[in-house]
Amino acid sequence: MKNSDIAKVFYDIADLLDLKGENMFKVRAYQKAARAIELWPRDLEAMVREGEDLREIPGVGEAIAKKIADLVTTGKLELYEQLRQEFPTGVVSLLDIPGIGPRTAVRLAKELGVKSVVDLEQAATDGRVAALPRMGPKTAENILDQIQALRRKDQRIPIGEALPAVEAVQAALRQIPGVHNLTPAGSLRRFRDTIGDIDIMGTSDRPEDAIQAFTSLPQVSQVLAKGPTKASVILGGGLQADLRFVEHDSFGSLLQYFTGNKEHNVILRDHFRRQGLKLSEYGITDMKTERLEKFATEEAFYQRLGMQWIPPEIREAQGEIELALEGTLPKLVEISDVKGDFHIHTDWSDGQNSIEDMVLAAKARGYQYAVISDHSIGRGIARGLSAERLRQQKEVITEVSKKTEGFRIFTGVELDIRADGSLDLPDDVLAGIDVVTASVHSGMGQTTERMTQRVIRAMESPHVDIIAHPTCRLIGTRQPVNIDMEEVFKAALRTGTLLEINAMPQRLDLKDAHAYRARKLGIKLVVATDSHRTDHYDVMRYGIGVARRAWCQAGDILNSQPASDIEAFFRSDKGQRLR
DNA sequence: GCCGTTTTCGGCCCGACTGTTTTCAGTCG
C-alpha cells in the first residue's frame with residue numbers, strides 16, 4: 001500500500017466524520033494527518049514493517065499511528081468500514097461539488113433523499129432544492145453550474161501551462177490604472193508541479209475599479225464571486241483565477257498570507273497567536289492593544305516576527321518555520337547558480353538545432369559547459385545514434401570546441417535502457433564518452449519488480465553516470481512507471497550514480513518529494529532541461545523550482561559547480577563519487 | 001485527534017463572499 005493510498009483513506013475518513021457532524025477539530029486532525037502522510041518522503045509500509053515510530057510524522061499521534069499500522073498490515077480499517085456503511089459513497093461525492101460542504105450534503109441527503117450527483121442534478125432541476133428553507137433559486141442554479149463544470153473539469157494543470165497563462169493575465173491587468181505589485185501567489189509561487197487555480201495579488205488605491213476591470217477582461221468567461229477587494233473568475237481555458245487587492249502598505253502581509261500552503265499558514269499563525277499576535281493579510285495585530293502593524297514587503301513582515309524570510313518553494317510545513325525561527329534555514333540553490341546543462345539534444349537525433357547553435361545558446365546564457373546527449377540507436381524513432389555516428393559526432397564536437405574558447409563541451413549520450421536492463425551501446429563505446437545518461441523509453445508497463453531491477457542493472461554499469469527522468473511520468477498524460485524509488489536511491493548511493501531532475505515542465509522528474517528524499521540520503525543530483533531547441537533552455541527555472549522544493553543547496557546540484565570540477569568529477573572512479 | 005518556551009487539559013488560523021434573510025451560517029482558500 002502506497003503512502004498516497006493511505007492518505008486517501010484518511011482524507012475519506014475526515015470527509016465522513018465531517019458529514020457525521022463530528023467535532024471539526026477532529027476532522028481537521030485527520031485532514032492534517034492525511035496531508036502529512038501524502039508528503040512524507042518515506043514509505044510508510046516499510047516503516048511499519050521495520051517497527052519504526054510513525055508519530056515522528058507531524059500530525060500523527062498515538063491513535064492515527066495505530067490506524068496506519070492496522071491499515072497496512074491487514075489492508076482494512078475498522079473505523080473506515082463503519083463510516084462507509086453509514087454514508088453511501090454518492091453522498092460523499094457531493095462534497096466534490098464546489099459550494100457544497102458537509103452541512104449541505106447531509107441536508108440534501110436527509111431532506112431530499114439525494115444519494116448521488118445525478119440525484120442532486122435532478123433535484124436542482126425540478127425545483128426541490130430551491131424549495132428548501134435557506135436555499136433558493138440561485139443556490140439551485142449554482143449547483144447545476146458546478147455539476148457541469150465538474151464534468152468537464154480539467155484536473156490540475158502543469159505549471160508549464162499555468163505560468164504563461166498567469167503572465168498573460170498580469171499583462172492585461174497592468175493596463176488598469178492604479179494597479180501595482182502584481183504577483184502570483186499560492187501554489188504557483190511555490191512552484192508546485194501542478195496548479196489548481198491561479199492566485200494573483202496586487203495593490204491599488206481604488207480596488208473596486210481594479211476588480212471591476214478584472215472581471216471585465218476578455219479572457220474571463222464566468223465571474224464566480226466579486227466583492228470590493230477580491231474576485232474569482234473562470235478564464236476561457238477553464239482555469240480559475242482569484243485576484244486580491246490591498247493597500248500598498250499591506251502588500252507584504254498579503255503576499256505572505258496567500259503564498260504558503262494551508263498547513264504552513266496554520267502552523268505559523270498558531271505559533272504567533274500563542275504570543276498574542278494575530279497574522280492576517282492586512283498585517284500583524286497585537287491582540288492586547290488591537291493595534292494593527294502593516295508591512296509593505298514580506299521581508300519586513302518576517303523581520304517583525306524575528307524570523308528569516310522563507311523561500312516560497314518550501315512554505316509547505318516541512319519544518320521550515322522552526323528553522324526560520326532559529327535562523328538556520330539553508331541557502332537554497334538559485335537559477336543563477338546553474339553553470340551548465342547536462343541534457344541537450346541536437347539535430348543529430350530528434351533535436352531541432354545544430355550542435356553549434358545549441359552550444360552558442362548555452363554560452364550566451366553564461367553557462368561554462370554543456371553535455372551533448374543525443375539519443376542512442378535503440379530510439380529509432382528519434383534517429384538515435386549508432387556507435388559510428390557517435391564517433392562522427394565527437395569529431396564535430398571537437399571542431400565546434402575550437403570556435404568556442406573558454407566553453408567546455410562534453411560528449412554525452414542519452415542511452416536507452418532496454419527492457420531487460422541491458423544497455424543500448426557496448427561498453428567500449430560508452431567508455432569513450434564523457435557523460436553517459438541512461439533512461440527508459442519503452443516497455444513502461446512492466447511490474448515494479450522488473451522495472452526496478454531494470455533501472456538498477458543499468459546503474460550498476462561503471463559507465464552510466466546519470467539516470468534521466470527516472471519515473472518517466474508526463475504530467476496529466478502518462479502515469480509514472482511502476483518503480484520502487486527507495487531501492488533506486490539505495491542503488492544510486494551504492495554505485496555512485498547521479499539522478500536527474502528533468503526540468504521539462506510536463507516531466508519534472510524526479511518530482512519534488514523524490515528529490516527531497518534523494519538529497520537527504522546524500523545522492524548528488526543534476527537539474528537538466530532535456531532541450532530539443534535553443535529556447536528550451538528556459539525551462540531550467542522549473543527544474544530549479546523542484547530542486548528548491550527539495551531543499552537543495554548549490555552543493556547538492558552538480559551543474560552548479562564550475563567546469564573544472566565537473567571535469568574532475570567524471571574522470572574520478574564512479575564508485576567513489578558520492579563518498 | 002493532536003499537542004505543549006503559557007498548557008498533559010483545553011485549546012485548535014483568519015477573513016471574504018454568497019445566498020438568503022434581516023443577522024448569519026456555510027463555504028472557500
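What you see is a predicted model; the values in this text were computed from it and never measured. Below, chain A is the first sequence line, B the second, and so on; all start at residue 1.
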| field | OP1 or OP2 of B/dC14 under 4.0 Å from side-chain N/O of A/Thr285 | value | no
| query | Do A/Val333 and A/Asp556 have side-chain heavy atoms sitting under 4.5 Å apart? | reply | no
| field | Side-chain N or O of A/Arg28 closer than 4.0 Å to phosphate OP1/OP2 of B/dC13 | value | yes
| query | B/dC3 P sits how many Å from A/Tyr30 OH, rounded? | reply | 13 Å
| Base, sugar-phosphate, or nothing for A/Lys67, non-hydrogen atoms under 4.0 angstrom? | sugar-phosphate
| task | Give the rounded distance in Å between these two atoms: CZ of A/Phe272 and P of B/dT6. | result | 12 Å
| Between A/Leu173 and A/Leu217, is any pair of side-chain heavy atoms under 4.5 Å apart? | yes
| field | Pair A/Gln85, A/Glu81: side-chain N/O donor-acceptor within cut-off below 3.5 Å | value | no
| Can you say whether the rings of A/Phe10 and A/Tyr30 are parallel (under 30°), tilted (30 to 60°) or perpendicular (over 60°)? | parallel
| message | Can you check the distance between B/dG10 and B/dC17, where both ends of the measurement are the C1' atom (answer in whole Å)? | response | 32 Å
| Whole angstrom value for the distance that separates C1' of B/dG29 from CZ of A/Arg315 | 16 Å
| query | A/Ala225 has a side chain; which of B/dC14, B/dG29, B/dT18 sits nearest to it? | reply | B/dT18
| task | Please state the P separation for the pair B/dT18 and B/dC13 - nearest whole angstrom. | result | 25 Å
| field | Whole angstrom value for the distance that separates C1' of B/dC17 from CZ of A/Phe214 | value | 15 Å
| Closer to the 5' end of DNA chain B via nearest nucleotide, is it A/Lys230 or A/Gly276? | A/Gly276
| query | In terms of side-chain geometry, is the basic nitrogen of A/Glu298 or A/Arg315 positioned less than 4.0 Å from the acidic oxygen of its partner? | reply | yes
| Near DNA chain B, under 4.0 Å by heavy atom, which residues of residues 243-265 of chain A? | A/Arg244, A/Tyr257, A/Lys262
| message | Can you measure A/Leu239 atom CG to B/dG29 atom C1' for me and round it to whole angstrom units? | response | 15 Å
| Same-atom distance (C1') from B/dT6 to B/dC12, integer angstrom | 15 Å
| said: Just to be sure I understand the rule, does A/Val27 reach a base, reach only the sugar-phosphate, or reach nothing, if contact means heavy atoms closer than 4.0 Å? | reply: nothing
| A/Tyr80 six-ring face occupied by A/Arg84 cation (under 6.0 Å, within 45°) | yes
| request: Quickly work out the A/Asp18 CG to B/dG26 C1' distance and round it to whole Å. | output: 11 Å
| query | Salt bridge check: are A/Asp5 and A/Lys8 linked by an N-O gap of less than 4.0 Å? | reply | no
| query | NA contact type, A/Ile100, heavy-atom cut-off 4.0 Å: base, sugar-phosphate, or nothing? | reply | sugar-phosphate
| query | With a 4.0 Å cut-off on heavy atoms, is A/Thr104 in touch with a base, just the backbone sugar-phosphate, or nothing at all? | reply | sugar-phosphate
| query | OP1 or OP2 of B/dC3 sitting under 4.0 Å from any side-chain N/O of A/Lys32? | reply | no
| What is the distance from CG of A/Asp96 to C1' of B/dC28, rounded to the nearest Å? | 15 Å
| Close residues, residues 123-142 of chain A, relative to DNA chain B [heavy-atom separation under 4.0 Å] | A/Arg134, A/Met135, A/Gly136, A/Pro137, A/Lys138, A/Thr139, A/Asn142
| field | Any donor-acceptor N or O pair under 3.5 Å, side chains A/Tyr516, A/Gln318 | value | no
| Does the side chain of A/Val114 come within less than 4.5 Å of A/Val129's, by heavy atoms? | no
| request: Could you measure between the two C1' atoms, the one in B/dT8 and the one in B/dC3, and give it in whole Å? | output: 9 Å
| message | Using the P atom as the point on both nucleotides, what is the distance between B/dA16 and B/dT20, in whole Å? | response | 22 Å
| message | Give me the atom names and distance for the closest heavy-atom approach of A/Trp551 to A/Gly319. | response | CH2-C, 4.1 Å
| query | To the side chain of A/Tyr282, which of B/dC13, B/dG15, B/dG29 is closest? | reply | B/dG15
| Side chain of A/Pro102: nearest nucleotide among B/dG1, B/dT27, B/dC17? | B/dT27
| request: Considering only atom C1', compute the distance from B/dC14 to B/dC9 and round it to an integer number of Å. | output: 25 Å
| query | With a non-hydrogen cut-off below 4.0 angstrom, is A/Leu279 in contact with a base, only sugar-phosphate, or nothing? | reply | sugar-phosphate
| remark: Taking for A/Leu277 and for A/Asp242 the nucleotide of DNA chain B with the nearest heavy atom, the one nearer the 5' end belongs to A/Leu277
| task | Starting at atom CD1 of A/Ile97, determine the distance to atom C1' of B/dT18, rounded to an integer number of angstrom. | result | 17 Å
| field | Identified pairing partner of B/dT8, criterion: Watson-Crick or G-U wobble below 3.5 Å | value | none
| When A/Glu316 is tested against each of A/Arg190, A/Arg192, A/Arg548 for salt bridge (charged side-chain N to carboxylate O under 4.0 Å, His left out), which residue passes? | A/Arg190
| said: Rounding to an integer number of angstrom, what distance separates B/dT23 and B/dC28 when you compare their P atoms? | reply: 25 Å
| task | Report yes if the side chains of A/Asp43 and A/Glu486 come closer than 4.5 Å at any heavy-atom pair, otherwise no. | result | no
